[in-house]
Every structure is written in C-alpha cells, then in structure tokens.
Amino acid sequence: MSTSTATKDTNVSNLLPDNNAVFDELDFPRDPDNLYRQTVGQMLVASELIELPHRVKIILAQPKNEIMVHFPVRMDDGHYKLFKGYRVQHNNSLGPYKGGLRFHPDVNLDDVKSLALLMSMKCSLSRLPLGGGKGGVKCNPRELSTGELQRVARRFTSAITNEIGPDYDIPAPDVGTTAQVMAWIADTYQMSQSGANQADGRRVVTGKPIEIGGSLGREKATGQGVVDVLVEMLPEEGIPIEGMKVSVLGFGNVGSWASRILQGMGAKVVAVMDHTGAISNEGGLDCHALAQYCVENGGVGGFEKANTSTASGNNVAAGATAITESEFYTTPVDVFIPAALEQMIKEEQAALINCKVVAEAANAPCTPAGDRALMEKGIEVLPAILCNSGGVTVSYFEWVQNKSNVFWDEETVDRELNKHMIMAARRTKLARQHYDCDMRTAAFIASLEHIGKTYAVRGIFP
Ligand code: GLU
C-alpha cells in the first residue's frame, strides 16, 4: 500500500470542509480544533464521495440524544462531591446504542459526542446489528479509592437507569473503567428493575467479569483486533510480523494486549511510552513483565530500574532503557501503535514519528494536521474505526451469548472475532480501491454505505 495517488484530492485532512453547508445549517462550533467538528468533518468527506443524501448526513451529524447528569457522591473523608456524567446516543438505525463509559478528568460533551459517532461508524463497518453511543464521568479514577469508585459508578448508573437498557443502550468498558466497574453497573441496574427485567438485567452492560456473564476473550479483544487487522493489512506493505519492530503509545488494556500478542507472534516491541515515562529496548521489551509492572506501579515509568525482566529470545531481551519523549517518537519502527487517548498525534509528533504504518488502536488518536503530516511522509494510517473495533465486536458476542444463554469457548470467540476483523479490513480495502482514497475515508465510506442503505429502505418518519 502506498499513499493514494488519486487525481481527485480525497485526503480527509485536506478536504476538511470548513465551509460545508452542514456545519452552518446545524450551527456547529467554529473552533477547528474541536474534536466533534473534526470527526463530523471526516464523516462528511466520505459522505460527499458516496453522495449520501442530505437527510442522512444531517441525521448523522448530530446524535439522537445527549444526556447530561449531575450527581453527588460521598467521599471517604465524609464530604460530598458533585460529579458530572454523560451518555450520548448517536444512532440506532442498525440496532441498540452501544459503546463504552469513560472515567477520566477530561471527559466533556463534544468528545463524548465524537466517540459516540465513531461507535456508530465502527459497528456499521463491522456489520454488527448495533448503533453507536458513548458516555462517561468527569473524574480521575486513579485518585478515587475503591469505595469511592464504586459509589461513583453506582450513583451514575442510577442517574441514567431510565436511559439505558439491555435492548436499548448497552454500555461497556472504556478508558478508566474495568470489568469490575461493569459488574457494579449491572448490579445497580438490576436492583432498579423487577421480575424478568431484573433477572435479565445484567445484559445492560458488556465487558463484565466472566462470573456474571462476561465473555471469554473480551478483555484482550481490542488488542487482538488490532493484531488481526495488521495480519490482514501488512503483507501489502511487505512487512512480515515475525521480526517487525513496533512502538506503542499507551500501555493500558489495548496497548498491553496488542503488544503481548504481537510479541508472541515474533514481533519486537522496541519502545513504549505512557503518562509515566518512556522506555526502549532494541532487542524487544518483555511485554509480559512490563504489563505486570504496570499493574503494580500504574505505568511504564521506572521499568528500567525494576529489573523484573529476565526473558530472552529472538524477539525479547532483558531490561530496558529510559528514553525521552522525542526519542520515543523518533525510534525507527515498522509499525507505530497509538493506544492512549484522542488527539495525541499532532503535527509536532507526526513530524518525529519514524514508521511505515500507524495502526490506530485508540479512538481518534491523530488530529487532522497530524494525520496530514503522516500521510505527507508516506506513512499508511490504518484508522481507528477499523483497527479498534475488536472490543465492541466481542461485546456483541457477549450480548449474543447472554441473550441466548450459551457460553462460547475462547477459541470460538477468537475465530469469530478474526472473521469480523478480516471482513471489516477487506471492506475498507475495497472502498479504498473503488474511490481511490486514503484508508480513513475508505473505512468511513464502507461504514456509511451500510447505514445509508438502512435509511434508503426504511425512510424517515413520518
Ligand atoms: N469502549 C470500546 C470502544 O471504544 C468498546 C465499546 C463496547 O464494547 O461497546 O470501542
């Protein structure tokens, strides 16, 4: 794959339609750095290429529902703190709203709206019978005790109980939330129901612990999906997985699982950075030891002193060296995996990045300017709505298993996930060939064509 040589300029970043009539018609924020404006801009570029009817464009440019709540929580020291929570339901034309709940200090309405829209795109690209939603609570889970975290999760659930439901809107883990948080949400929701609704209420969330109806393979699913996409896409780049060099930004659930799986396949993870520091090892970091270190220490910083890694082999070497942020970005690798938060790859970082392929494991990790800078350097960007759809795909499997009271073995989950990821990747490649555009636009096209068909068939009420 090389960057597009289309005669028509189909690069999303170049085409961000500052003067798109839809922005004015819907009175969008004018700030070009606004994530929601950028996300809708990317969608509109793809919509123009496939000539999506205006009525569908305006429906998709705004979420159906934006729910905002404030709720008090008793802190351990006895005082009460007011928290703000969101649930945005973007679109349910393909099925119930679906998407994670984020607990993070930066959670805000525009970002949650963007992430909800991306969920609609992700589910459609993977042909899941689900719509898109997202939510969150503005808080710092790292600063909350377990008791406080539990009370935030339960009180937030109680505030949105009437807005979610097992066949209406199904939350899941996201940044700052875990299977344990899902268990508290499921329990709180169940307590608010009666009769059959109560018994079946656990289906209101996915990403649950196995003991209460979670699916095998869900925890690693997003990281596994990133790897499945790489296996499908990299042959065209002439990059074999065995021996390829990888750097990873963010070592939470997605980054650490993708790294561990890639390491198991013979790739070398040579540099990792997160909010606590950056480390490298030319011979390949021991990602299993690093993941364990992160559980115990909250991040990768200091791993170079910990000496926990004794592994050696052809893709792992013992130890690590602390590096600076710019050394991290300039480390030469085949694949760079941003697996942290949105908007971290701006023009400045893109200028430093030294790789052939960027696999977006986080949602919206690149700004349009960052995206453009990567493309100008000839770097292939595999977009997030393709790369990180593994999480919601296995969430869908969990929901199906709960609905039909069956329990799949891990082999079945992995096999079905792999099929979905390969099909989503192939749809993206086909759209790219057909429209001669970049991968991001192609993924949006493959997704919008599917949603567009549902509106063409069902029409718009009344
Ligand atoms: N939070 C994940 C995402 O952004 C998973 C969503 C889900 O499983 O519903 O895709």
Side-chain angles (χ1 to χ4, degrees), residues 1 42-43 46 49-50 52 91 93-96 98-99 117-132 172 206 215-218 220-237 239 241 254 257-258 261-262 265 335 337 357 359-361 363 380-401 408-454 456-457:
M1 290 178 283
Q42 290 169 341
M43 186 193 70
L49 287 173
I50 59 170
L52 199 68
N91 189 271
S93 61
L94 296 176
K98 186 82 192 83
L117 187 155
L118 291 171
M119 285 309 303
S120 297
M121 297 297 117
K122 227 183 271 189
C123 292
S124 178
L125 176 60
S126 296
R127 303 300 189 255
L128 306 177
L130 296 168
T206 57
S215 176
L216 290 172
R218 174 63 185 85
K220 67 166 186 192
T222 312
Q224 179 69 60
V226 173
V227 176
D228 290 353
V229 169
L230 285 172
V231 170
E232 175 66 19
M233 299 303 223
L234 288 184
E236 287 178 41
E237 293 288 341
I239 305 173
I241 299 271
V254 184
W257 273 109
I261 296 166
L262 284 170
M265 294 168 76
V335 178
I337 303 181
V357 173
E360 292 187 337
N363 289 305
E380 183 70 86
V381 179
L382 303 176
I385 60 168
L386 167 63
C387 277
N388 79 10
S389 59
V392 71
T393 301
V394 176
S395 273
Y396 166 61
F397 299 160
E398 179 176 331
W399 185 66
V400 167
Q401 291 172 71
W408 298 3
D409 57 34
E410 195 162 346
E411 207 187 348
T412 306
V413 173
D414 288 351
R415 190 182 57 240
E416 291 302 313
L417 172 63
N418 184 256
K419 272 196 230 163
H420 275 75
M421 299 309 300
I422 288 177
M423 290 310 291
R426 291 188 182 162
R427 271 177 215 118
T428 306
K429 284 198 273 190
L430 271 179
R432 176 190 166 102
Q433 265 167 21
H434 189 79
Y435 289 92
D436 200 5
C437 60
D438 62 82
M439 273 305 180
R440 189 185 310 285
T441 309
F444 271 94
I445 286 174
S447 171
L448 289 165
E449 280 177 338
H450 184 54
I451 295 190
K453 279 183 198 154
T454 65
V457 172

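Predicted, not measured: the structure shown is a model, and the values here were computed from it. Here, residue 1 is the first one in the sequence, and each next residue gets the next number.
For the atom pair OG (Ser120) and NE2 (His450), the distance works out to 11.5 Å, reported to the nearest 0.5 Å. Atom CG of Leu430 and atom CD of Gln433 lie 6.0 Å apart (nearest 0.5 Å). Of the inter-residue distances, the one linking Ile337 atom CD1 with Glu360 atom CD reads 11.5 Å to the nearest 0.5 angstrom. To the nearest 0.5 angstrom, Phe444 atom CZ is 12.5 Å from Leu52 atom CG.
Side chains of Thr428 and Val229 form no contact here, defined as non-hydrogen atoms less than 4.5 Å apart.
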Exercise. Do Ile50 and Tyr435 pass the side chain to side chain contact (heavy atoms under 4.5 Å, CB included) test, and can you show the C-alpha distance, the side-chain angles, and the key distance before you say yes or no?
Worked result: CA-CA 9 Å; Ile50 59 170; Tyr435 289 92; 3.3 Å; yes
Problem set entry | Check against side chain to side chain contact (heavy atoms under 4.5 Å, CB included), Val413 and Ser215 | CA-CA 8 Å; Val413 173; Ser215 176; 3.7 Å; yes
For this session: Evaluate salt bridge (Lys or Arg N to Asp or Glu O under 4.0 Å) for Glu449 paired with Arg427, printing each intermediate quantity in order.
Result: CA-CA 11 Å; Glu449 280 177 338; Arg427 271 177 215 118; over 6 Å; no
For this session: Quick one: do Ile422 and Arg426 satisfy side chain to side chain contact (heavy atoms under 4.5 Å, CB included)? Show the steps, please.
Result: CA-CA 6 Å; Ile422 288 177; Arg426 291 188 182 162; 3.4 Å; yes
For this session: Could you give me the CA-CA distance, side-chain angles and deciding distance for Val231 and Met265, then say whether side chain to side chain contact (heavy atoms under 4.5 Å, CB included) is met?
Result: CA-CA 10 Å; Val231 170; Met265 294 168 76; 3.6 Å; yes
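Every residue two or more places apart in sequence or in another chain that forms a ring pair (Phe, Tyr, Trp, His ring centres under 6.0 Å) with Phe397 is listed here: Trp408, His420.
Shown here for Pro96 and Pro129, the closest heavy-atom pair between the two residues is CD-O, 3.7 Å. The minimum heavy-atom distance between Pro235 and Glu232, with the atom names listed, is CD-O, 3.7 Å. For the pair Val254 and Ala361, the tightest heavy-atom approach, listed with the atom from each and the gap, is CG1-CB, 3.7 Å. Taking both residues in full, the closest heavy atoms of Ile385 and Lys122 are given as O-CG, 3.3 Å, listed atom of the first, atom of the second, then distance. Minimum heavy-atom separation, Ala46 to Ile445: CB-CG1, 3.7 Å. Across every non-hydrogen atom of Met421 and Leu386, the tightest pair is CE-O, 3.3 Å.
The backbone N or O of Ala443 lies less than 3.5 Å from no partner atom in the side chain of Ser447, so there is not a single donor-acceptor pair. Between the Thr454 side chain and the Ile451 main chain, a donor and an acceptor come within less than 3.5 Å of each other. A donor-acceptor pair is defined here as one N or O able to donate and one able to accept, closer than 3.5 Å; such a pair exists between the side chain of Thr393 and the backbone of Ser389. The closest donor-acceptor contact from the side chain of Arg218 to the backbone of Thr206 lies at 3.5 Å or more, if one exists at all.
Under the 4.0 Å criterion applied to side-chain N and carboxylate O atoms, Arg432 and Glu380 are assigned as salt-bridge partners.
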